[in-house]
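Shown next, in structure tokens, is the structure this report addresses.
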Amino acid sequence: MPELPEVETTRRGIAPFVTGRVVARVVLRRKDLRWPIPRAISTRLPGQRIDAVERRAKYLLLHTAAGSALLHLGMSGSLRIVDATVPVRKHDHYDLWLDSGQALRFNDPRRFGCLLWQPPGEVHPLLQHLGPEPLGDAFDGHWLWAASRGHHTAVKNFLMDQSIVVGVGNIYASEALFAAGIHPKRAAGAVSRARYTRLAAEVRRILTRAILRGGTTLRDFTAPDGAPGYFEQELQVYGRAGQPCTACGTPIRAAFIGQRMSYWCPHCQR
DNA sequence: CTCTTAACCTGGACGC
DNA sequence: TGCGTCCAGGTTAAGA
């Protein structure tokens with residue numbers, strides 16, 4: 001479910017309840033998610049104060065003096081703030097109980113998410129080959145253009161490659177390419193510098209706007225307080241196959257690019 | 001290296 | 001109602 005706006009919405013939702021709190025105890029209801037949950041989560045985290053909640057790409061980091069818990073929501077994961085009166089539901093895989101009497105509770109039917117540990121002063125291997133943050137200073141059209149030279153893969157796949165730029169998933173890749181007027185199947189290396197400048201600006205605009213709207217709720221994404229995201233109402237192409245383009249009225253096309261369903265306007269995108 | 005493909009999982013929607 | 005099929009917001013690992 002979550003791309004960058006949904007993860008950032010989650011970060012902002014949990015931060016006020018988690019920052020400065022001490023982890024009282026950890027409840028693991030299974031020993032693995034996508035990967036085994038390391039022992040350090042049980043042995044090192046309890047007793048530690050969470051100094052900050054950071055987002056890097058689609059990961060969340062709970063920083064403590066002893067190290068950092070590294071969380072990923074995968075495809076279907078979500079975090080909620082609960083107290084002891086809230087019953088455990090199906091697929092509630094772990095709780096991080098805090099000294100406030102509340103807990104951070106992770107639910108993930110498909111279990112593509114993960115809970116890992118990053119020792120102090122280290123960068124977890126999963127974070128080592130990530131590209132720049134799309135809302136940061138290092139990301140712009142020149143970066144995309146320079147990184148794309150010689151790449152023959154479809155520009156949509158290129159844009160979703162987390163080593164090129166992080167945070168852009170299947171929904172926002174389609175939306176950004178529509179906004180920039182670029183056909184998603186075009187070879188990444190065949191897009192001009194000027195058009196990458198436009199694309200980078202649209203990626204920023206759309207992600208910023210989606211964060212403002214609390215993310216996109218297609219099925220089950222909710223913020224930690226249970227609120228859905230409202231960006232779905234602003235989607236121009238994603239999930240709109242056969243419906244008229246909002247700009248020109250041409251029916252929106254849908255097809256697999258790589259392994260992912262993709263949406264575009266055959267008239268507006270070249 | 002670059003690029004493609006399969007794999008990891010469950011559940012909801014849909015067709016018969 | 002039940003059953004089979006397909007699809008889903010992510011990412012890695014293996015193969016070509």
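Every heavy atom of this structure was used, including side-chain atoms; hydrogens, water molecules and symmetry mates were not. No experiment lies behind these values; they were computed from the predicted model shown. The sequence lines fix the lettering, A, B, ..., with proteins before strands; numbering per chain opens at 1.
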Would you say a side-chain N or O of [X] is under 4.0 Å from OP1 or OP2 of [N]?
{"X": "A:Arg260", "N": "C:dA8", "answer": "no"}
{"X": "A:Arg34", "N": "B:dC9", "answer": "no"}
{"X": "A:Lys90", "N": "B:dT10", "answer": "no"}
{"X": "A:His91", "N": "B:dT10", "answer": "no"}
{"X": "A:His129", "N": "C:dT12", "answer": "no"}

Self-check item: From B:dG11, C:dG9, B:dC8, nucleotide with atom closest to A:Tyr238 side chain
Solution: C:dG9
Quiz item: Nearest to the side chain of A:Asn157, which nucleotide is it out of B:dT4, B:dC3, C:dG10?
Solution: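 That would be B:dT4.
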Quiz item: Hey, is A:Glu6 close enough to A:Lys58 for a salt bridge, meaning N to O under 4.0 Å?
Solution: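 Answer for the salt bridge query: no.
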How long is the line joining [atom1] of [X] and [atom2] of [N], in whole Å?
{"X": "A:Phe256", "N": "B:dC3", "atom1": "CZ", "atom2": "C1'", "answer": "19 Å"}
{"X": "A:Leu127", "N": "C:dT11", "atom1": "CG", "atom2": "C1'", "answer": "13 Å"}
{"X": "A:Arg110", "N": "B:dG11", "atom1": "CZ", "atom2": "P", "answer": "11 Å"}
{"X": "A:Gln259", "N": "B:dC8", "atom1": "CD", "atom2": "P", "answer": "15 Å"}
{"X": "A:Asp161", "N": "B:dT2", "atom1": "CG", "atom2": "C1'", "answer": "10 Å"}
{"X": "A:Glu6", "N": "C:dT11", "atom1": "CD", "atom2": "P", "answer": "12 Å"}
{"X": "A:Glu175", "N": "C:dG9", "atom1": "CD", "atom2": "P", "answer": "13 Å"}
{"X": "A:Lys156", "N": "C:dG9", "atom1": "NZ", "atom2": "P", "answer": "8 Å"}

Self-check item: Same-atom distance (P) from B:dG11 to C:dT12, integer angstrom
Solution: 25 Å
Exercise. With P as the reference atom in both, quote the distance from B:dA6 to C:dC6 in angstrom, rounded to an integer.
Key: 14 Å
Self-check item: Dot-bracket pairing map - DNA chain B, Watson-Crick plus G-U, both contacts under 3.5 Å, | cross-strand
Solution: .|||||||.|||||||
Quiz prompt | Sole candidate of A:Asn107, A:Leu104, A:Leu33, A:Val27 that passes side-chain contact (heavy atoms from CB on, under 4.5 Å) when paired with A:Tyr94 | solution = A:Leu33
Quiz item: Base, sugar-phosphate, or nothing: which does A:Met160 touch, judged by heavy atoms less than 4.0 Å apart?
Solution: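 Counting heavy atoms under 4.0 Å across all strands, no contact is made by A:Met160.
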